[in-house]
2 protein chains.
Amino acid sequence: MSSAPTIAAQAETLAVNLIAVLVAVTDDQPRILTIGGSALPSGPFELAHRSLQSGLRDWVEQQTHHPIGYVEQLYTFADRDRGGDGDGLRMVSISYLGLTRERPASRTPAPTGDPEWRDWYAFFPWEDRRQVDEVRATALAVALQAWVGHAPDARTGKVRAQRCAIAFGLDGHGWNEDLVLQRYELLFEAALIPEAHTLDTESEARMGLRMTGDHRRILATGMARLRAKIKYRPVVFELLPETFTLLQLQRSVEALAGRLVHKQNFRRLIEQQDLVEEIGALATDTGGRPAKLVRFRRDILDERAMVGTKLPRP
Amino acid sequence: MSSAPTIAAQAETLAVNLIAVLVAVTDDQPRILTIGGSALPSGPFELAHRSLQSGLRDWVEQQTHHPIGYVEQLYTFADRDRGGDGDGLRMVSISYLGLTRERPASRTPAPTGDPEWRDWYAFFPWEDRRQVDEVRATALAVALQAWVGHAPDARTGKVRAQRCAIAFGLDGHGWNEDLVLQRYELLFEAALIPEAHTLDTESEARMGLRMTGDHRRILATGMARLRAKIKYRPVVFELLPETFTLLQLQRSVEALAGRLVHKQNFRRLIEQQDLVEEIGALATDTGGRPAKLVRFRRDILDERAMVGTKLPRP
DNA sequence: ACGACTTATACTCCAAACGAGCATTTCATA
DNA sequence: TATGAAATGCTCGTTTGGAGTATAAGTCGT
């Protein structure tokens with residue numbers, strides 16, 4: 001299959017690294033781990049690693065000093081124009097999605113490279129629709145409309161309008177929170193996201209913070225995957241503490257999905273699937289009537305792992 | 001990020017290649033392209049390639065002499081125990097799923113390496129449930145039961161029984177055609193699929209033909225992805241000729257899913273989504289009442305690409 | 001102690017989606 | 001002309017999912 005000369009040819013020019021979208025939810029806000037504020041943590045894939053996944057686990061745990069509950073491969077990138085080192089070197093990046101919790105207080109020896117948890121909506125302001133921001137919504141719509149208007153020909157314009165409508169839920173097309181990547185790519189194509197240019201503060205507030213290289217695209221991939229996944233797999237629980245209330249669970253889901261859900265229906269869904277069990281205690285700090293504390297039934301992972309679980313969509 | 005010494009270290013030991021699960025449907029039978037009868041086509045990732053996907057497209061089209069309609073990345077494998085070259089060399093394989101049609105008669109210069117289309121159920125006999133084979137079903141159930149019985153302890157046994165029931169639709173758990181990979185891994189774990197050992201003809205008939213290295217696992221990954229995908233994306237049409245009848249469409253879906261669907265409901269679903277348009281002609285060779293010939297409405301790809309389409313499940 | 005406020009929790013309603021079946025139509029062929 | 005095979009049209013009952021109403025049980029300020 002692969003002959004020696006081929007390998008030799010690859011040798012000088014191909015590098016393989018692992019890159020992680022590490023997610024936590026803190027104070028009803030999804031957060032991702034960054035290095036230097038604007039890069040996703042990454043590291044080379046080494047021979048010492050048993051597998052890609054264990055390789056990623058190894059050095060992420062080494063950097064964050066606590067274990068990741070859930071890891072899943074996202075996508076492998078190797079486009080020629082991926083920034084990075086300009087000359088002949090080609091970087092193959094295998095990205096992973098990891099779910100965890102922010103480390104408690106014990107900020108042990110600060111890991112190398114200035115790791116920092118950041119609100120993921122800082123990079124994707126338009127993805128948070130939990131409270132309607134009429135101002136930003138219209139501003140975005142106007143910018144998109146301009147792009148549609150500047151189409152070279154009518155046909156292109158029509159396609160563009162259609163894409164905008166679907167991706168951003170305009171003209172009666174409902175908002176679909178799963179289309180994170182499509183929206184990012186559309187904005188990128190519309191040059192509304194000039195990752196390479198400098199932006200004033202106001203633009204950053206509207207179009208989100210930039211990231212190193214194509215890391216923002218990778219983050220978008222991770223967000224999209226996670227938003228889709230929580231609807232049919234019980235992975236949210238990896239982001240919650242051992243015990244929690246149903247409202248806490250709901251708020252976490254809403255934070256990830258970037259939209260609000262109907263409380264009663266949400267509870268109905270959770271209950272009829274036996275996803276959680278009561279712990280017997282009550283949470284009294286809820287502000288209103290105390291809520292039962294519950295715990296995720298890890299034992300159902302065996303059954304549900306394959307079969308799937310449903311969380312409400314909008 | 002990646003320093004020079006790291007790259008040098010990788011240089012002698014890492015090889016990146018692309019591997020394809022190429023699917024076609026011929027005579028209501030899903031088929032995959034093999035090289036030498038038991039290997040998936042693969043080739044090295046080269047610097048000349050713009051991207052992974054275009055790299056794959058390039059050499060697959062070069063090998064098969066006709067274009068692939070649809071390509072999607074599957075998974076990247078790099079486990080240490082992936083067979084391949086035993087010594088220090090680590091092979092990173094990026095797998096892709098490609099949909100196409102078997103080339104018509106014009107078998108131009110036979111490509112290198114003896115490419116051959118093979119029925120995919122030859123490798124996964126238990127995945128075809130279109131006609132119930134009571135004999136094989138019970139034989140498999142018995143073998144699984146034995147594995148459950150040989151569990152080291154009761155707890156393991158219970159977990160095993162549960163996994164079998166869900167994966168293979170026993171004890172009232174309905175058959176879920178998407179669990180191709182889980183079933184394969186379960187059978188592998190139960191040592192019912194000794195990829196490395198020799199098998200007699202009878203065993204091969206029951207447990208399917210072996211493939212090179214971990215190619216059968218990769219094929220399982222592709223099958224699972226495709227079975228899941230046809231339910232919410234209009235990708236089946238990549239496997240059909242330009243015009244076809246609704247029954248042909250249904251038979252293709254059934255072939256891929258490995259199970260039969262309710263004809264009237266299937267048509268209702270297709271129609272209410274405007275997936276196809278009538279061509280005006282009739283197919284008279286259907287044996288019964290002639291069927292309207294239809295054509296896939298490619299123009300809806302723009303809309304549906306993001307939003308999704310539904311094909312009936314069982 | 002009381003009323004206002006907040007959250008938890010229990011039910012009800014309705015419409016769309018879905019699975020299954022019956023009935024009728026329209027061909028080719030024996 | 002009868003028969004078989006498939007196409008096509010329609011009905012029915014169940015499930016699922018979205019949305020709303022009502023009530024319970026705490027906290028907190030006065």
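Note that these values count all heavy atoms, side chains included, but never hydrogens, waters or copies made by symmetry. In what follows, chains are A, B, ... by sequence order, proteins preceding strands, each numbered from 1.
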Go through the N and O atoms of the side chain of A:H262 and the base of D:dG17, and report whether any donor-acceptor pair is under 3.5 Å.
no
Rounded off to whole Å, could you give me the CG-to-C1' distance for the B:N265 and C:dA17 pair?
11 Å
Among D:dG17, D:dC12, D:dT8, the one nearest A:L269 by side-chain distance
D:dG17
Is it true that B:R227 and B:E177 make a salt bridge, defined as a side-chain N closer than 4.0 Å to a carboxylate O?
no
Round to the nearest Å and state the distance from B:L246 atom CG to D:dA6 atom C1'.
12 Å
Find the distance A:R251:CZ to C:dT6:P and express it as a whole number of Å.
13 Å
Whether each nucleotide of nucleotides 24-30 of chain D has a protein heavy atom under 4.0 Å at its base (B), only at its sugar-phosphate (S) or at neither (-) is summarised, 5' to 3', as BBB----
B:W175 six-ring face occupied by B:R129 cation (under 6.0 Å, within 45°)
yes
Charged N to carboxylate O under 4.0 angstrom, B:R259 versus B:D128?
no
If only side-chain N and O atoms count, and only distance matters, is there a donor-acceptor pair under 3.5 Å linking A:E72 with A:Y70?
yes
So that I can tick it off, tell me whether B:R298 and B:E238 are bridged by a salt bridge, with the cut-off set at under 4.0 angstrom between side-chain N and carboxylate O.
yes
When rounded to whole Å, the CD to P distance for the pair A:Q250 and C:dT6 reads 17 Å
Between B:R267 (CZ) and C:dA17 (P), how many Å, whole number?
20 Å
Quiz question: going by heavy-atom distance under 3.5 Å, is there a donor-acceptor pair between the base of C:dG19 and the side chain of B:R268?
yes
CG of A:L249 versus P of C:dT7: gap in Å, rounded?
17 Å
Under the salt bridge (Lys or Arg N to Asp or Glu O under 4.0 Å) test, which residues partner A:R206, sequence neighbours left out?
A:E202
From NZ of B:K292 across to P of D:dA7 the rounded distance in Å is 12 Å
Is there a donor and acceptor pair, one atom on the side chain of A:E271 and one on the base of C:dT9, closer than 3.5 Å?
no
N or O in side chain of B:K263 less than 4.0 angstrom from D:dA7 OP1/OP2
yes
Using whole Å, what does the distance between atom C1' of nucleotide C:dC22 and atom CD of B:Q264 come to?
9 Å
Above 12 or not: heavy atoms from other molecules or residues under 6.0 Å from CD of A:E134?
no
